[in-house]
Engineer: 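The structure is given below, and queries will be raised subsequently.
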Amino acid sequence: MTMGPRLTAQTVAVVRALLTDPTKARWGRDIATETGLKSGSLHPILARLERAGWVESYWEDPAEHEDAGRPRRRYYRFTPDGAQTARLALAETTQSATRAPALGRLHPQPGCR
């Protein structure tokens, strides 16, 4: 199994935003608005997700943005296996997070050093 991207809180936010409709292509500013991330944080995350094979991207047809008089948009969506891989990784991360606090509550028994 290949190693996936590190799931920081920001990466989890991006993955969850994309999982709201895994087959729908979303453009960067739309994802940024939903997650509250700035472009400088968002786009490296999307690039890592793409390198991991979870996400694919494509540029919109030039006619679409030229007719609208705006810059061209880059769209992102999960690959066929990417959404399932992301769901499993999020579930594993959540399970790890619920177990970790219990370790912090362990206290040595009297007489143990």
Side-chain angles (χ1 to χ4, degrees):
M1 181 164 95
T2 56
M3 189 74 165
R6 190 167 63 101
L7 292 178
T8 63
Q10 293 84 5
T11 302
V12 168
V14 171
V15 168
R16 286 190 173 140
L18 290 170
L19 282 173
T20 57
D21 189 350
T23 60
K24 179 182 176 187
R26 310 264 310 266
W27 57 293
R29 185 172 290 170
D30 181 40
I31 299 167
T33 299
E34 184 171 337
T35 61
L37 295 173
K38 297 200 181 301
S39 179
S41 298
L42 174 65
H43 289 286
I45 291 169
L46 290 167
R48 285 192 296 274
L49 293 173
E50 193 165 12
R51 279 192 306 273
W54 292 16
V55 169
E56 59 190 4
S57 68
Y58 63 93
W59 288 99
E60 75 178 328
D61 183 348
E64 291 180 42
H65 75 88
E66 289 168 357
D67 291 346
R70 59 169 169 72
R72 186 169 63 157
R73 293 176 178 169
R74 187 168 186 167
Y75 287 92
Y76 300 86
R77 67 174 165 226
F78 280 110
T79 60
D81 295 331
Q84 182 62 22
T85 303
R87 284 186 190 101
L88 291 172
L90 286 180
E92 187 175 303
T93 300
T94 302
Q95 287 175 355
S96 296
T98 57
R99 287 192 302 260
L103 296 176
R105 291 192 302 264
L106 295 178
H107 299 285
Q109 295 296 316
C112 292
R113 296 205 185 248

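Atom set for the values below is all heavy atoms of this structure, side chains included, hydrogens, waters and symmetry mates excluded.
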Engineer: Measure the CD-CZ distance between Q84 and F78 for me, rounded to the nearest 0.5 Å.
Structural biologist: 10.5 Å

Engineer: Distance from E34 atom CD to R26 atom CZ, nearest 0.5 Å?
Structural biologist: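 If we round to the nearest 0.5 Å, E34:CD and R26:CZ are 4.5 Å apart.
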
Engineer: May I ask you to check whether E50 and S57 show a side-chain donor-acceptor distance below 3.5 Å?
Structural biologist: yes

Engineer: When you compare the side chain of E92 with that of L88, does any pair of heavy atoms fall below 4.5 Å?
Structural biologist: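 No. Closest side-chain heavy atoms not under 4.5 Å.
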
Engineer: Counting distance only, does the side-chain N/O of T79 pair as donor-acceptor with the main-chain N or O of G53 below 3.5 Å?
Structural biologist: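 At least one qualifying donor-acceptor pair exists.
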
Engineer: Rounded at 0.5 Å granularity, tell me how far CG in L18 sits from CZ in R77.
Structural biologist: 11.5 Å

Engineer: Would you say V55 ends up clustered with L19 if hydrophobic residues are merged whenever their side chains have heavy atoms under 4.5 Å apart, either directly or through other cluster members?
Structural biologist: yes

Engineer: Please report the shortest heavy-atom distance between A17 and T20, naming the atom on each side.
Structural biologist: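 Smallest heavy-atom distance, with atoms named: O-OG1, 2.7 Å.
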
Engineer: For the residue pair A86 and V15, what are the closest heavy atoms and their distance?
Structural biologist: CB-CG1, 3.7 Å

Engineer: Between R48 and W54, does the side-chain contact (heavy atoms from CB on, under 4.5 Å) criterion hold? Intermediate values first, please.
Structural biologist: CA-CA 9 Å; R48 285 192 296 274; W54 292 16; over 6 Å; no

Engineer: Under the side chain to side chain donor-acceptor pair (under 3.5 Å) test, which residues partner R70, sequence neighbours left out?
Structural biologist: E60

Engineer: Which atom names give the shortest non-hydrogen contact between R72 and W59, and what distance separates them?
Structural biologist: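 Taking R72 first and W59 second, the nearest heavy atoms are NE-CE3, 3.4 Å.
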
Engineer: Atom CG of L49 and atom CD of E56: how far apart are they, to the nearest 0.5 Å?
Structural biologist: 12.5 Å

Engineer: When you group the ILVMFWY residues by side-chain heavy-atom contacts below 4.5 Å and let the links chain together, are L46 and W27 in the same group?
Structural biologist: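 No.
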
Engineer: Could you note down all residue pairs passing salt bridge (charged side-chain N to carboxylate O under 4.0 Å, His left out) where residues 9-24 supplies at least one of them, sequence neighbours left out?
Structural biologist: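 Found none.
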
Engineer: Which pair of non-hydrogen atoms, one from R6 and one from T11, has the smallest distance, and what is that distance?
Structural biologist: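 Reported closest heavy-atom pair: O-OG1, 3.6 Å.
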
Engineer: Looking only at heavy atoms, what is the nearest atom pair of A52 and P5, with distance?
Structural biologist: CB-CD, 3.5 Å

Engineer: So which atom in T35 and which in A13 form the shortest heavy-atom distance, rounded to 0.1 Å?
Structural biologist: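 Scanning both residues completely, I find the closest heavy atoms to be CG2-O, 3.5 Å.
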
Engineer: Please say yes or no: joined through hydrophobic side-chain contacts below 4.5 Å, possibly via intermediate residues, are Y76 and L90 part of one cluster?
Structural biologist: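 Both belong to a single hydrophobic cluster.
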
Engineer: If you group Ile, Leu, Val, Met, Phe, Trp and Tyr by side-chain heavy-atom gaps below 4.5 Å, do Y75 and I31 land in one group?
Structural biologist: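 Hydrophobic grouping puts Y75 apart from I31.
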
